[in-house]
J.: 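First the structure, then my questions, so here it is.
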Amino acid sequence: MFAEADGRFLDVRHEPDDPRGQADRTLRLRRLGKLGDMGLATEHAPGVWELSELLEPTLREMGERGDIIRTMQKALRAEGVERDPMSFAIHDAAPATPIVGRVIDKHLSDELGEELTLVVDGIDGRTHHVAGMDAARVTEARIGSIVEIGPPDSAGRPSDRAIAGMAEGGIYRPSRHLEQARFEGRVPGGDYDGFVASHVRRLEALRRAGIVERIDADQWRIPDDFAARAAAHDAGRGGRASVRILSSIELDRQISAYGATWLDRRLVGGVVSDLVPAGFGEQVCEAMERRRERLIEQGDATRRPDGRVSYRRNLIATLQDREVARVGAELAATKSVPFRAVADGETVSGMFTGTAQLSSGKFAIVEKSHEFTLVPWRPVIERRLGQEVMGVVQGGSVSWQLGRTKGLEL
């Protein structure tokens, strides 16, 4: 509309003779008036306007935010709900205050396949759009999952850890990484060349930041503190939000779930101050009340004469043990060996053969020749599928001993 502006100045004092030109001038004046209201244009004299240096980047950002808002509205409609756009929160960096809510949309937002964007319907009554999260850490965050998104953690990117691990004598070689990737055979889709190329693109970005040095096409000089410097570089650019899966079970399913749920933990904790009685926060309030009544019906809670509710001692552990026993019995019907529950403090060993998603969380299936058991799963054993593992059950978690000398506490 303003392509003929002299630099940043625009003169619209002249009124064209033809009707079309007059109509066009009227539209320009209206647009300039709007830009003036936005602080992006200034009228120095009647019909003489100066366009702000921030005009183009500001309008571009507004266009991008408009696209984000439409994406959020589309995701909400798919859930069968409507939210006031005034309640939308678009986060350009990791949130300083944790966000808790239900995932209603997720998609990759970079070519490396490392960054994920989530749209979360929060218990604070707002709908949040958060980009730049570590995709490798939120594979369990399905639509309907309950998550907590918080400030950046210090773990760094998986690609940076892989590069540091592949470096020999301070030199990273893409050809060596490609050979290793093909040997392990764990690249999704089998695109090994693309997988390694993504790491090289990451190195190119870090080279521009002065962190690494490109020697030639197959050699990169990597500093000893590479992972820490790369993480600090990301943190300086806003950092990646950390994501914790609070429940892979959808809210409605938690109300009648057999095992321990996120709702149970909230009920036992007794904290409701973070719940806003609007949007998803209102849904959580209603779900907690229905779950409370369910616990009373099955004898795991009691309503006192004064109206307050008392919960069974060690409710979470009781519900979890009850569900593990039930699922273990169901799995035993499909296996040639029986199920055996393990006690706290007991050492468990055997082959890690798979996982089971329960209301109480994700569990690892560990088998021996004469029996199998279910123990809490943690990401550290993901690569040990089909291998022997050993660990000690402690307080609802497992301290895994992986390898002969390396212990990993979880």
Side-chain angles (χ1 to χ4, degrees), residues 75-83 98-106 118-128 138 140-149 243-304 307-331 355-363 374 376-377 396:
L76 286 164
R77 292 192 190 101
E79 295 288 311
V81 296
E82 293 284 345
R83 296 279 188 272
I99 298 166
V100 175
R102 175 185 59 191
V103 177
I104 60 174
D105 187 35
K106 60 180 290 189
L118 291 184
V119 178
V120 175
D121 202 10
I123 63 174
D124 59 356
R126 310 190 72 186
T127 305
H128 300 265
V138 287
E140 302 293 322
R142 300 186 297 271
I143 303 299
S145 298
I146 311 296
V147 301
E148 179 184 80
I149 304 175
V243 183
R244 186 161 65 100
I245 311 299
L246 301 179
S247 176
S248 296
I249 306 300
E250 297 166 351
L251 188 66
D252 289 344
R253 292 176 55 198
Q254 292 184 45
I255 296 171
S256 58
Y258 196 73
T261 68
W262 174 66
L263 289 176
D264 296 322
R265 292 177 172 84
R266 289 192 62 89
L267 288 170
V268 171
V271 178
V272 295
S273 59
D274 57 347
L275 290 175
V276 173
F280 186 59
E282 183 175 15
Q283 295 177 27
V284 172
C285 288
E286 295 173 353
M288 288 177 66
E289 180 58 36
R290 293 174 61 189
R291 179 61 174 175
R292 183 184 292 114
E293 294 300 321
R294 175 80 176 199
L295 293 173
I296 293 173
E297 290 174 5
Q298 61 191 35
D300 290 313
T302 305
R303 190 179 299 279
R304 300 177 185 176
R308 291 187 296 175
V309 175
S310 297
Y311 299 97
R312 178 193 294 273
R313 185 180 179 183
N314 298 325
L315 174 66
I316 302 302
T318 299
L319 293 174
Q320 178 172 302
D321 291 345
R322 187 185 297 167
E323 184 181 31
V324 167
R326 179 177 182 175
V327 173
E330 292 173 350
L331 288 173
T355 60
Q357 182 63 60
L358 282 60
S359 301
S360 302
K362 190 174 182 179
F363 283 73
L374 292 169
W377 174 90

J.: Assess the side chains of Ser310 and Arg304: does a donor N or O sit below 3.5 Å from an acceptor N or O?
T.: yes
J.: Check salt bridge (Lys or Arg N to Asp or Glu O under 4.0 Å) between Arg308 and all other residues, then give those that pass, not counting sequence neighbours.
T.: Asp306
J.: Any chance you could measure Arg292, atom CZ, to Ile255, atom CD1, to the nearest 0.5 Å?
T.: 12.0 Å
J.: State which residues pass side chain to side chain donor-acceptor pair (under 3.5 Å) with Arg303; sequence neighbours excluded, sorted by chain then number.
T.: Glu293
J.: Mind checking what makes side chain to side chain donor-acceptor pair (under 3.5 Å) contact with Gln357, not counting sequence neighbours?
T.: none
J.: What's the shortest heavy-atom distance between Thr302 and Ile296, and which atoms?
T.: N-CG1, 4.4 Å
J.: Just by modelled atom types, is the Thr261 backbone N or O under 3.5 Å from a matching donor or acceptor in the Gln254 side chain?
T.: no
J.: Salt bridge (Lys or Arg N to Asp or Glu O under 4.0 Å) for Asp121 and Arg126? Distances and angles first, verdict last.
T.: CA-CA 6 Å; Asp121 202 10; Arg126 310 190 72 186; over 6 Å; no
J.: Looking at Leu118, Val120, Thr127, which hits side-chain contact (heavy atoms from CB on, under 4.5 Å) with Ile104?
T.: Thr127
J.: Which pair of heavy atoms, one from Ala301 and one from Tyr311, lies closest together, and at what distance?
T.: CB-CD2, 3.6 Å
J.: Taking only residues two or more places apart in sequence or in another chain, which ones pass side chain to side chain donor-acceptor pair (under 3.5 Å) with Ser248?
T.: none
J.: Shortest non-hydrogen contact from Ser256 to Arg294?
T.: O-NH2, 3.7 Å
J.: Pair Leu251, Gln283 - check side-chain contact (heavy atoms from CB on, under 4.5 Å), show working.
T.: CA-CA 9 Å; Leu251 188 66; Gln283 295 177 27; 4.2 Å; yes
J.: Would you compute the distance between atom CG of Asp264 and atom CG of Leu295 and round it to the nearest 0.5 angstrom?
T.: 5.0 Å
J.: May I have all residue pairs that pass salt bridge (charged side-chain N to carboxylate O under 4.0 Å, His left out) and include part of residues 309-324, sequence neighbours excluded?
T.: Asp300-Arg312, Asp300-Arg322
J.: I'd like to know if the side chain of Lys106 and the backbone of Ala141 have a donor-acceptor N/O pair within less than 3.5 Å.
T.: yes
J.: Rounded to the nearest 0.5 Å, what separates atom NE2 in His128 from atom CD1 in Ile99?
T.: 4.5 Å
J.: Which pair of heavy atoms, one from Leu374 and one from Ala356, lies closest together, and at what distance?
T.: CD2-CB, 4.4 Å
J.: Applying salt bridge (charged side-chain N to carboxylate O under 4.0 Å, His left out) as the test, list every pair that has at least one member in residues 273-288; sequence neighbours left out.
T.: Arg266-Asp274
J.: Assess whether atom CZ of Arg265 is packed by more than 12 heavy atoms of other residues, nucleotides or ligands within 6.0 Å.
T.: yes
J.: Do Ser247 side-chain atoms and Ile146 backbone N/O form a donor-acceptor pair below 3.5 Å?
T.: no
J.: Do Val100 and Val147 have side chains that approach each other closer than 4.5 Å (heavy atoms only, starting at C-beta)?
T.: no
J.: For Ala257 and Ser359, work out which heavy atoms get closest and say how close.
T.: CB-OG, 3.4 Å
J.: Show, in sequence, the C-alpha distance, side-chain angles and deciding distance for Phe363 and Thr355, and conclude whether the side-chain contact (heavy atoms from CB on, under 4.5 Å) test is met.
T.: CA-CA 6 Å; Phe363 283 73; Thr355 60; over 6 Å; no
J.: Rounded at 0.5 Å granularity, tell me how far CG in Leu246 sits from CG in Leu263.
T.: 11.0 Å
J.: Apply the test side-chain contact (heavy atoms from CB on, under 4.5 Å) to residues Trp262 and Ile245: give CA-CA distance (whole Å), side-chain angles for both, the deciding distance (0.1 Å), then the verdict.
T.: CA-CA 10 Å; Trp262 174 66; Ile245 311 299; over 6 Å; no
J.: Does Glu250 offer a backbone N or O that forms a donor-acceptor pair with the side chain of Arg102 under 3.5 Å?
T.: no
J.: Could you state the interatomic distance from CG (Leu358) to OH (Tyr258), rounded to the nearest 0.5 Å?
T.: 11.5 Å
J.: With rounding to the nearest 0.5 Å, note down the distance linking CZ in Arg291 to CG in Leu267.
T.: 8.0 Å
